[in-house]
Number of protein chains: 2
Amino acid sequence: MRTARRKARTMPLPVLRRLPGYHHAVAGFRGQGREWVSSQTLGRALGLTSSTVRQDLSHLDLAGTAKRGYPVGELDAVLRDRLGSARTHRVVIVGAGMLGSALAEHGELATHGFRPVAILDRDPERVGQTVGGLTVKPIEGLGRVVKSTRAELGVVAVPSTSAQAVADLLVAAGVRGLLNLSYANLRVPPRTHVVNARFLAGLQELVLLGKGSGVRGP
Amino acid sequence: MRTARRKARTMPLPVLRRLPGYHHAVAGFRGQGREWVSSQTLGRALGLTSSTVRQDLSHLDLAGTAKRGYPVGELDAVLRDRLGSARTHRVVIVGAGMLGSALAEHGELATHGFRPVAILDRDPERVGQTVGGLTVKPIEGLGRVVKSTRAELGVVAVPSTSAQAVADLLVAAGVRGLLNLSYANLRVPPRTHVVNARFLAGLQELVLLGKGSGVRGP
DNA sequence: TAGATTGTTAATCGATTAACAATC
DNA sequence: TAGATTGTTAATCGATTAACAATC
């Protein structure tokens, strides 16, 4: 076993996407008081081969130990650092319907470093109401709100018909990343990122997978 | 240009995952009254190369035409057929918090063929309340409810700490696919499918992407 | 006709898996 | 010590992209 190289500089996108999964699993093992975890055990928890796990973890600033595996506490710390769980990430939510409100009031956000700092809506009926301790503001104020709250991230929680317009506003307001909860395909300029968490597309994917015939591969 | 082969039998997973995106884009073009759409235009809408689009669409039972592209109406019909938009897919929602309730009341579900047929919760306070026209039922009745409603799909809309337990119940009750909205990594038996739509993991992914340094590739 | 665009094959790229020496 | 497990290299697998003849 060669010495672990310090600080991997780059990380493939698939690996990056798995980090939240590792984090959840490791936090669980830590909660159980476990001190070491092997690549095989982690693989079982995430549905990956032990080989993939070792390749993935080689991108982190951490070394495992032969015969024991990876130190749970350290792994948890490294993952939390990468995922920014200890920092505060300000999130502005557009759409104060049930979905946006659910996000604003979701308890698990805070424990991972995310803080909803504003929620806005187009509907005058909703403006002024209180959601998760925040007063719903009119969408027209988005630019000012993003500036004054220094929000880094925006959540698109509006119907798919207005999603692109909202995305454009958020980009113009200067957020660096968008979480898209709508069914729309959002287009944003190169320096901005979009991550989709689309439950409707997810349900459709399940329908396609369920057909059995129709899917190839592993 | 050779004749299109009828009925592609299999479809790679990445292609399958892009079908909802194609569907949304094509529905948009159709709404504009457009009759033809090229692979290049579709690629722009989805953030793909025209080459990838042509490869993807070759898996569908449909032929394009040189110089014009793909017929929007036919493409829409083929996609709707694949995605099951015309059939009814019964969905049982576990968790009647704001997130589960948002799903139950979400208007876009019905237009794509998904029908919430039951919503359940562990909390006695919530049991009996009405959400989206459904009466919240106690979680203990899950097996009976799935049977009587003939639900095919289950939504896990509970805190991550109870997510695996809920997944186990849904699998035991016989649903064929799970939409996971929680942060947990769900483990299910081989014949069951899980699709994640995890907003918290999505926000974390945005943080990782935002670091700029740290990501490799395209 | 000339030019744009498909459908398909082949090349490239990159992720996953396998294999195994190092080593605890 | 013997055996389990890492870290890493190489092989494999599969997805994306490029290229181009067919053709509308």
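This structure is a prediction, so every number in the text was calculated from the model and none was measured.
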K.L.:
Return the value, rounded to whole Å, for the distance between atom CH2 of A:Trp36 and atom C1' of C:dC24.
P.N.:
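So the CH2-C1' distance, A:Trp36 to C:dC24, works out to 10 Å.
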K.L.:
Which heavy atom of A:His23 sits nearest a heavy atom of B:Tyr183, and at what distance?
P.N.:
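Nearest heavy atoms, A:His23 then B:Tyr183: CD2-OH, 3.0 Å.
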K.L.:
What is the distance, rounded to the nearest whole Å, between atom CG of B:Leu62 and atom P of C:dT5?
P.N.:
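So the two atoms are 17 Å apart, to the nearest Å.
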K.L.:
Starting at CG of B:Asp56 and ending at C1' of D:dT16, how long is that distance when rounded to a whole Å?
P.N.:
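In whole Å, D:dT16 C1' and B:Asp56 CG are 10 Å from each other.
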K.L.:
Considering residues at least two apart in sequence or located in another chain, which fulfil the side chain to side chain contact (heavy atoms under 4.5 Å, CB included) criterion with B:Ala163?
P.N.:
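For B:Ala163, the residues satisfying side chain to side chain contact (heavy atoms under 4.5 Å, CB included) (neighbours in sequence not counted) are B:Val156, B:Val158, B:Ser182, B:Ala184, B:Leu186.
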K.L.:
What pattern of brackets, bars and dots sums up DNA chain C from 5' to 3', given Watson-Crick or G-U wobble pairs under 3.5 Å, [ ] for crossing pairs and | for another strand?
P.N.:
..||||||||||||||||||||||
K.L.:
Side chain of B:Tyr70 only, please: which of D:dT6, C:dT5, C:dG7 is the nearest?
P.N.:
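Among the listed nucleotides, the one closest to the side chain of B:Tyr70 is C:dG7.
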K.L.:
Quickly work out the B:Leu13 CG to D:dC13 P distance and round it to whole Å.
P.N.:
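Rounding to the nearest Å, CG of B:Leu13 and P of D:dC13 are 18 Å apart.
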K.L.:
Side chain of A:Ala63, heavy atoms from C-beta onward: which of C:dC24, D:dA15, D:dG7 has the nearest atom to it?
P.N.:
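Shortest atom-to-atom distance from the side chain points to D:dG7.
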K.L.:
So B:Gln55, base contact, sugar-phosphate only, or nothing? Heavy-atom distance under 4.0 Å.
P.N.:
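Base contact.
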K.L.:
For the pair made of CD in A:Gln40 and C1' in C:dA18, what is the distance, rounded to whole Å?
P.N.:
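Spelled out: CD on A:Gln40 to C1' on C:dA18 is 15 Å.
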K.L.:
Whole-Å distance between D:dG14 C1' and B:Met11 CE?
P.N.:
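So the CE-C1' distance, B:Met11 to D:dG14, works out to 16 Å.
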K.L.:
Strictly by salt bridge (Lys or Arg N to Asp or Glu O under 4.0 Å), give each pair with a member in residues 23-44 of chain B just once, sequence neighbours left out.
P.N.:
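Checked against salt bridge (Lys or Arg N to Asp or Glu O under 4.0 Å) - neighbours excluded - the pairs reaching residues 23-44 of chain B are B:Arg30-B:Asp76.
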K.L.:
Strictly by side chain to side chain donor-acceptor pair (under 3.5 Å), give each pair with a member in residues 90-113 of chain B just once, sequence neighbours left out.
P.N.:
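Listed by first then second residue: A:Ser160-B:Glu108.
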K.L.:
Roughly how many Å is it from CD in B:Glu35 to P in D:dC24, rounded to a whole number?
P.N.:
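Going from B:Glu35 (CD) to D:dC24 (P), I get 19 Å.
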K.L.:
So, using side chain to side chain contact (heavy atoms under 4.5 Å, CB included) as the criterion, who are the partners of B:Ser38 when residues are at least two apart?
P.N.:
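Checked B:Ser38 against side chain to side chain contact (heavy atoms under 4.5 Å, CB included); matches are B:Gln40, B:Thr41.
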K.L.:
Over how many whole Å does the gap from A:Leu75 atom CG to D:dG7 atom P extend?
P.N.:
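The distance from CG of A:Leu75 to P of D:dG7 comes to 11 Å, rounded to the nearest Å.
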K.L.:
Using the test ring-ring contact (aromatic ring centres under 6.0 Å, His included), find all partners of A:Tyr70 that sit at least two apart in sequence or belong to another chain.
P.N.:
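Here no residue qualifies.
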K.L.:
Tell me the closest heavy-atom pair linking B:Val171 and B:Pro189, and the distance in Å.
P.N.:
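In terms of heavy atoms, the two residues are closest at CG1-CG, 3.5 Å.
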K.L.:
At a heavy-atom distance below 4.0 Å, what parts of residues 43-53 of chain B sit against DNA chain D?
P.N.:
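B:Thr49, B:Ser51, B:Thr52 - these, ordered by number, are the residues of the stretch whose heavy atoms sit under 4.0 Å from the strand.
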K.L.:
Quick one: side chains of residues 45-52 of chain A, donor-acceptor pairs under 3.5 Å with protein atoms, not counting sequence neighbours, listed by atom name and distance.
P.N.:
residue	atom	partner	partner atom	Å
A:Thr49	OG1	A:Thr52	N	3.1
A:Thr49	OG1	A:Thr52	OG1	2.9
A:Ser50	OG	A:Arg54	NH1	3.3

K.L.:
For residues 11-23 of chain A, pull every pair meeting salt bridge (Lys or Arg N to Asp or Glu O under 4.0 Å), keeping only residues two or more places apart or in separate chains.
P.N.:
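Every pair satisfying salt bridge (Lys or Arg N to Asp or Glu O under 4.0 Å) with a residue in residues 11-23 of chain A: A:Arg17-B:Glu205, A:Arg18-A:Asp56.
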K.L.:
Of A:Lys67 and B:Arg54, whose nearest nucleotide on DNA chain D comes first from the 5' end?
P.N.:
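Looking at DNA chain D, the more 5' nearest nucleotide goes with A:Lys67.
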